[in-house]
K.L.:
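I am attaching a structure below and will ask some questions about it afterwards.
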Protein chains: 2
Amino acid sequence: MFAPLQNDTFLRACRREPTEHTPVWLMRQAGRYLPEYRATRAKAGSFMALATNPELATEVTLQPLERYPLDAAILFSDILTVPDAMGLGLSFAIGEGPRFATPVRDEAAVDALAVPDMERLRYVFDAVTSIRHALDGRVPLIGFSGSPWTLACYMVEGAGSDDYRLVKSMLYSRPDLMHRILEINADAVAQYLNAQIAAGAQAVMIFDSWGGVLADGVFQRFSLAYTRRVLEQLTPQHDGQRIPRIVFTKGGAPWLEEMAGLETDVLGLDWTANLAAARRRVGDRVALQGNLDPNVLFAPPAVIESEVTKVLQDFASADAEMGGRDGHIFNLGHGISQHTPPDHVASLVEAVHAQSRRMRAGAAVQSG
Amino acid sequence: MFAPLQNDTFLRACRREPTEHTPVWLMRQAGRYLPEYRATRAKAGSFMALATNPELATEVTLQPLERYPLDAAILFSDILTVPDAMGLGLSFAIGEGPRFATPVRDEAAVDALAVPDMERLRYVFDAVTSIRHALDGRVPLIGFSGSPWTLACYMVEGAGSDDYRLVKSMLYSRPDLMHRILEINADAVAQYLNAQIAAGAQAVMIFDSWGGVLADGVFQRFSLAYTRRVLEQLTPQHDGQRIPRIVFTKGGAPWLEEMAGLETDVLGLDWTANLAAARRRVGDRVALQGNLDPNVLFAPPAVIESEVTKVLQDFASADAEMGGRDGHIFNLGHGISQHTPPDHVASLVEAVHAQSRRMRAGAAVQSG
């Protein structure tokens with residue numbers, strides 16, 4: 001049905017198999033820093049009009065691949081499509097973040113929640129299939145969802161928050177309600193990701209963008225436990241291929257060992273983690289993805305190159321100690337900024353590919 | 001000159017000496033959640049009018065002590081007084097955070113920076129002395145400053161930021177300029193804290209509120225190194241008493257071992273850190289302060305009590321393993337929210353005192 005894959009470097013790194021270079025893709029790589037994205041967005045009229053149109057979602061998903069030799073594509077969508085399908089009414093006002101018309105703030109609202117009919121998210125699955133066809137086997141396609149906890153933050157707060165007061169008040173005051181929301185979210189996210197896999201997603205990523213705002217102990221019960229519940233329900237294989245899973249908790253470094261015990265292939269890291277220390281902490285259980293500060297991309301190319309060197313060497317130094325099985329996917333530690341100069345992204349991708357090829361060649365000479 | 005200290009529990013815990021209960025104070029304890037604070041603030045007319053008036057600053061500093069048996073007072077002031085004294089023009093618009101009229105964004109602006117004449121901060125030192133007299137020996141007074149890096153964030157961004165794009169762009173593109181700012185800030189902060197000590201501060205705290213947004217490796221060179229530079233210049237003793245230092249890096253858990261190597265008596269922790277793990281990591285080098293999520297204070301008193309138990313037991317369990325030298329100061333992991341119900345703070349302080357007295361009595365029975 002789909003063309004055979006020409007560049008499987010990303011999938012091999014997820015499985016911790018040898019690769020000739022370190023694969024690289026960027027969170028939010030299809031986005032506002034690209035003038036061609038802004039043109040398509042303007043044509044669509046609104047963010048939701050763009051996200052719900054499979055043809056336009058395909059167009060913007062492929063835009064960064066036309067510019068840069070990235071090793072993976074990621075579905076263009078939003079992390080909040082699932083609560084929107086639950087009937088919460090997602091919108092994006094100009095210059096603001098996402099907003100729900102009917103946030104979930106009391107017992108009645110929680111009682112009314114249910115796993116949505118996946119047909120309401122058909123536009124996402126259609127986009128996945130459309131993108132797979134358009135990619136024509138160039139690189140693999142990653143599907144994704146917000147984590148149960150991260151969705152709950154937006155569902156209760158109704159928008160972004162800088163203190164998470166409403167959602168944490170419910171968590172501490174009415175943990176029964178919070179657990180009920182999280183159960184529904186977990187089952188909905190699992191169905192949603194499985195439908196993306198059925199539609200053609202070759203890997204899936206769970207964005208726990210707000211897990212890091214929780215207290216130790218609370219994170220494990222209200223975020224990690226429900227990410228685990230999603231993972232336990234995921235289709236492990238499709239068309240005879242393992243579908244790798246990536247779990248990214250922003251600010252999650254304190255809980256790296258616990259996250260490495262999840263049924264996941266890869267853990268994403270933000271820039272506060274040291275990749276050498278992280279590689280030692282997770283051992284041979286998972287591959288690692290990350291972790292350049294997106295703000296490095298505002299510096300001149302020579303600085304970008306030296307910061308890339310640092311990330312690659314941090315991982316490689318610890319990996320060599322641990323037996324050299326590799327398993328590093330280069331990425332930013334957070335989504336790329338809308339203010340990023342596009343030619344700096346070219347420098348980044350080129351630096352990751354060229355430097356990692358040289359490092360592998362050097363290692364091969366040493367071990368030969 | 002000042003009345004003798006009646007309750008030295010906080011200072012003893014800073015020195016890791018035995019105490020009968022765990023001392024407790026709260027970051028931003030004199031603040032908007034108290035109606036009497038809001039009344040004084042209204043009387044002053046503006047935040048800066050309040051902060052620059054020693055009499056009113058004394059009034060609000062003492063307000064929480066009238067309500068709760070807290071074990072320390074902290075100077076009412078702002079972390080940005082030092083750059084304001086450098087001439088950057090600090091203001092607070094209603095409903096917004098701090099803003100500088102003339103941010104530092106280019107080489108000319110950096111060249112124009114200098115350690116300010118401490119006479120321009122006389123209102124702060126006068127407030128310290130006034131508060132010491134008003135406290136009349138009830139509890140010790142903590143002085144404070146923002147860290148060199150945290151001040152630099154505001155100086156370059158000109159206001160709060162959610163991505164630190166401007167300050168990190170300068171850091172990566174022109175590290176020479178950033179180091180110059182940080183040197184000046186460190187020397188200014190050291191003079192500022194030493195003047196607070198001379199005026200009567202019995203402990204000093206450095207708030208590295210934004211250290212945690214830096215990448216590993218960058219934190220050490222651009223935040224930690226300049227906190228160290230401040231500490232090296234601080235007056236170690238005053239009137240024959242050691243002046244304890246507290247360093248608090250929000251999001252600083254990844255670097256706890258490195259921070260424990262500073263010339264500091266106490267490290268502050270936010271709620272993402274586990275106090276048992278932290279106690280093992282820092283060993284006998286420092287006391288620990290923290291670390292309840294401020295959002296716990298929105299829950300009913302029974303929940304507050306059980307969350308207090310968890311924090312106290314986490315510390316005590318590891319401390320017992322490590323020889324039971326104690327050295328825990330209870331606090332929140334961040335400033336108290338303006339929306340906090342004041343009676344919940346009473347429950348918190350009571351729970352910390354009562355529970356920690358019982359735990360110590362139990363431990364004494366066991367070891368006796």
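Here is the naming used below: chain letters follow the sequence lines, and residue numbers restart at 1 for every chain.
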K.L.:
Using non-hydrogen atoms and a 4.5 Å limit, figure out which bit of B:Ala273 sits close to chain A: side chain, backbone, both or neither.
P.N.:
backbone
K.L.:
Non-hydrogen atoms of chain A under 4.5 Å away: do they reach the side chain of B:Val296, the backbone, both or neither?
P.N.:
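Backbone plus side chain of B:Val296, per the 4.5 Å heavy-atom cut-off to chain A.
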K.L.:
For A:Ala30, check side chain to side chain contact (heavy atoms under 4.5 Å, CB included) against everything at least two apart and list the hits.
P.N.:
A:Pro64, A:Phe76
K.L.:
Using only distance (under 3.5 Å, no hydrogens or angles), which donor-acceptor pairs connect chain A and chain B?
P.N.:
unit_1, atom_1, unit_2, atom_2, d
B:Asp163, O, A:Asn295, ND2, 3.1
B:Lys168, NZ, A:Asp293, OD2, 2.6
B:Val213, O, A:Trp271, NE1, 2.8
B:Asp216, N, A:Trp271, O, 3.0
B:Asp216, OD2, A:Asn274, ND2, 2.6
B:Trp271, O, A:Asp216, N, 3.0
B:Trp271, NE1, A:Val213, O, 2.8
B:Asn274, ND2, A:Asp216, OD2, 2.6
B:Asp293, OD2, A:Lys168, NZ, 2.6
B:Asn295, ND2, A:Asp163, O, 3.1

